[in-house]
Amino acid sequence: MDMQTSVLKPRLSFWQLWNMSFGFFGIQFGFALQNANTSRIFATLGADPENLSWYWLAAPVTGLLVQPIIGYLSDNTWHPKWGRRRPFFFIGAVLAAIALFLMPNSTALWMAVAVLWMMDAAINVSMEPFRAFVGDKLDPSQQTAGYAMQTFFIGCGAVIASLLPTIFESMGVSNSAAGGVIPETVRYSFYAGGAIFFLAVCWTVFTADELPPADMEAFNRERKQSRGLGVALKEIVGGFGQMPKTMVQLAFVQFFTWIGLFAMWIYTGTAVADSIYGTRDAQSLAYQEAGNWVGVLFAVYGGVSALAAFLLPVFARYTSRKTVHAVCLAIGGISLASIYLVNDKTGLILPFIGIGLAWASILTMPYAILAGSLPAKRMGYFMGLFNFFVVIPQIVSGMLLGQISIHVFGGHAVLTLVLGGVCMLIAAVLTLRVTDKAAPVKAAI
């Protein structure tokens, strides 16, 4: 018998779900600041638009390397006080906070790229065990609600973090990038983000508990057998051949989904500056104003995702999780592609509402569907392995999108967003082929 499935998992209250998920509020500060401002920072420091997507490869490559390893290590960790996942929450939070303080102080492009590697690795150390945390603590009938609570905090964190440069500018902080210096609005935003990241993750570390292995003797015996680099690498690599059918099906969905998302994160700033503000000059005030507006748009989709997080389980109860996910992806794909038709900045708000609905589902439904098909004692490892199908499309995007944007689309980044929308529509169709071993979905948390 799986030693984890025999552990009684009582239904958790709203506030218990709140405490175990609150760390994601801080984690999203890191991701939102990175997503909304990294291209802006690179461009300010002199990045060539054709190579912009290559510099972003730091993010997916670190995820590719870090998440399966952290998942494997957390599966084989137990401390009487810290538990299984929480040590990794805390270590990642410390490192991510340091990286967030360093990023806006980069004085050269190579420094910013190096810090991005550190930042993304650290964020992944904290984030990956949070996905497994839901599978560890919650009964299958409450797992969709658990991932929805995470999505709520991701949305809330994204709203505030994305708006920080605009908030600081409204307070009189300089938004100028004169001389290739990163604006003070961005600098102060990253400082605030580092502090909030650390404090929010610590909230979960010190207010949430973990279920111990049901058979500690058997757990310790298996942990001793798993020690050693050779054994660990064999188990990590060998997991590819043991992926459940549902996980393989979701892999194809994730591939096309994340190409669309990566296109949006890399090229929205350039597309808005070019098509709405009429500039491609990263040193100009208009380009920096476009960067702030992109932060507002990203806050819109983050806010919508926070609100939608609690509605999606309701719709899933009356339809199915894969139906909800397919519909949301279709809305997101159409919305992303429709940016091409918009010619004023306020008109961009509507597409980002649709993208927010898709984002809520992307953060909730695939993980809820997947959790029901995984062996509990390897939950962390398989959740980390599942991240391969998030980062591989990002690597493909990093290698190809720059070339396509410059040489096929003539430098018009808005057409790259259209391509991303098409990929999301393909993902919507593929979702309908997924086998969902659905447990009863509870609408109320």
Dump the intermediate steps for side-chain contact (heavy atoms from CB on, under 4.5 Å) on I98 and M118, then the final yes or no.
CA-CA 9 Å; I98 293 171; M118 176 183 174; 3.7 Å; yes

Step by step, work out the side-chain contact (heavy atoms from CB on, under 4.5 Å) result for M424 and L261.
CA-CA 8 Å; M424 230 179 248; L261 290 172; 3.8 Å; yes

How far apart are the C-alpha atoms of Y188 and M171, what are their side-chain angles, what is the distance that settles it, and do they pass the side-chain contact (heavy atoms from CB on, under 4.5 Å) test?
CA-CA 12 Å; Y188 293 167; M171 297 167 61; over 6 Å; no

Can you check side-chain contact (heavy atoms from CB on, under 4.5 Å) on D274 and T279, steps first, answer last?
CA-CA 5 Å; D274 182 19; T279 182; over 6 Å; no

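Put simply, the side chain of C328 does not reach to within 4.5 Å of the side chain of M365, judged on heavy atoms. Taking 4.5 Å as the limit, every side-chain heavy atom of L363 sits out of range of all side-chain heavy atoms of Y147. At least one side-chain heavy atom of T268 sits under 4.5 Å from a side-chain heavy atom of F352. L100 places none of its side-chain heavy atoms less than 4.5 Å from the side chain of Q34. Residues R187 and N105 have side chains in contact (heavy-atom distance under 4.5 Å, counting atoms from C-beta outward). Side-chain contact between I70 and P129 is present, with heavy atoms from C-beta onward closer than 4.5 Å. Put simply, the side chain of I41 reaches to within 4.5 Å of the side chain of L45, judged on heavy atoms. Side-chain atoms of W258 and I362, non-hydrogen and from C-beta on, do get closer than 4.5 Å to each other.
Annotation: the span from S162 atom OG to Y301 atom OH amounts to 6.5 Å, rounded to 0.5 Å. Interatomic distance, CG of L430 versus CG of L425, reported as 11.0 Å (0.5 Å rounding). Atom CE of residue M127 and atom CZ of residue F31 lie 4.5 Å apart, to the nearest 0.5 angstrom. To the nearest 0.5 Å, atom CD1 of residue I369 and atom OG of residue S320 are 7.5 Å apart. The distance from atom OG1 of T44 to atom CG of L109, rounded to the nearest 0.5 Å, is 10.5 Å. Here F29 contributes atom CZ and I160 contributes atom CD1; the two are 4.5 Å apart, rounded to the nearest 0.5 Å.
Within the 3.5 Å criterion, the main-chain N or O of A358 finds no donor-acceptor partner in the side chain of S361. In this structure, the side chain of N124 engages the main chain of D120 through a donor-acceptor pair within 3.5 Å. For T246 (side chain) and T435 (main-chain N/O), a donor-acceptor pair under 3.5 Å exists by modelled atom type. Side-chain atoms of S106 come within 3.5 Å of backbone atoms of M103 as a donor-acceptor pair (strictly under, hydrogens ignored). Looking at N37, its side chain does come within 3.5 Å of a backbone N or O of L33 through a donor-acceptor pair. Listed for the E169 side chain is no donor-acceptor partner under 3.5 Å among the backbone atoms of N292. Within the 3.5 Å criterion, the main-chain N or O of F153 finds no donor-acceptor partner in the side chain of Q28. Not one N or O on the side chain of S405 forms a donor-acceptor pair closer than 3.5 Å with the backbone of L401. A donor-acceptor pair under 3.5 Å is formed between the side chain of S126 and the backbone N or O of A93. With hydrogens and angles ignored, the 3.5 Å screen pairs no side-chain donor or acceptor of S305 with any backbone N or O of L357.
Ring-centre distance between F256 and F252: not below the 6.0 Å cut-off.
Summarising the geometry of T364 relative to A148, their closest heavy-atom pair is CG2-N, 3.9 Å, with the distance given to 0.1 Å. Considering every non-hydrogen atom in both A263 and G420, the closest pair reads CB-CA, 4.2 Å. When all heavy atoms of G260 and C423 are compared, the pair lying nearest together is N-CB, 4.3 Å. In this structure, G356 and V304 approach most closely via the heavy-atom pair C-CG1, 3.8 Å. Taking both residues in full, the closest heavy atoms of A428 and A330 are given as CB-N, 3.7 Å, listed atom of the first, atom of the second, then distance. Of all heavy-atom pairs between Q150 and F130, the closest is NE2-O, 2.9 Å.
By the 30° and 60° cut-offs, the orientation of the rings of F206 relative to F90 is perpendicular. Ring pair F14/W18 is tilted by interplanar angle, where 30° to 60° counts as tilted.
Annotation for F101: atom CZ counts as buried by contact number, over 12 foreign heavy atoms lying within 6.0 Å. Around OH of Y191, the count of heavy atoms belonging to other residues, nucleotides or ligands within 6.0 Å exceeds 12.
Shown are R85, R84, R86; of these, the side-chain hydrogen bond (donor to acceptor under 3.5 Å, both in side chains) with E210 is made only by R86. When each of F133, F197, W82, F24 is paired with F89, the ring-ring contact (aromatic ring centres under 6.0 Å, His included) condition holds for F133 and for no other.
With salt bridges taken as basic N to acidic carboxylate O contacts below 4.0 Å, none links K322 and D436.
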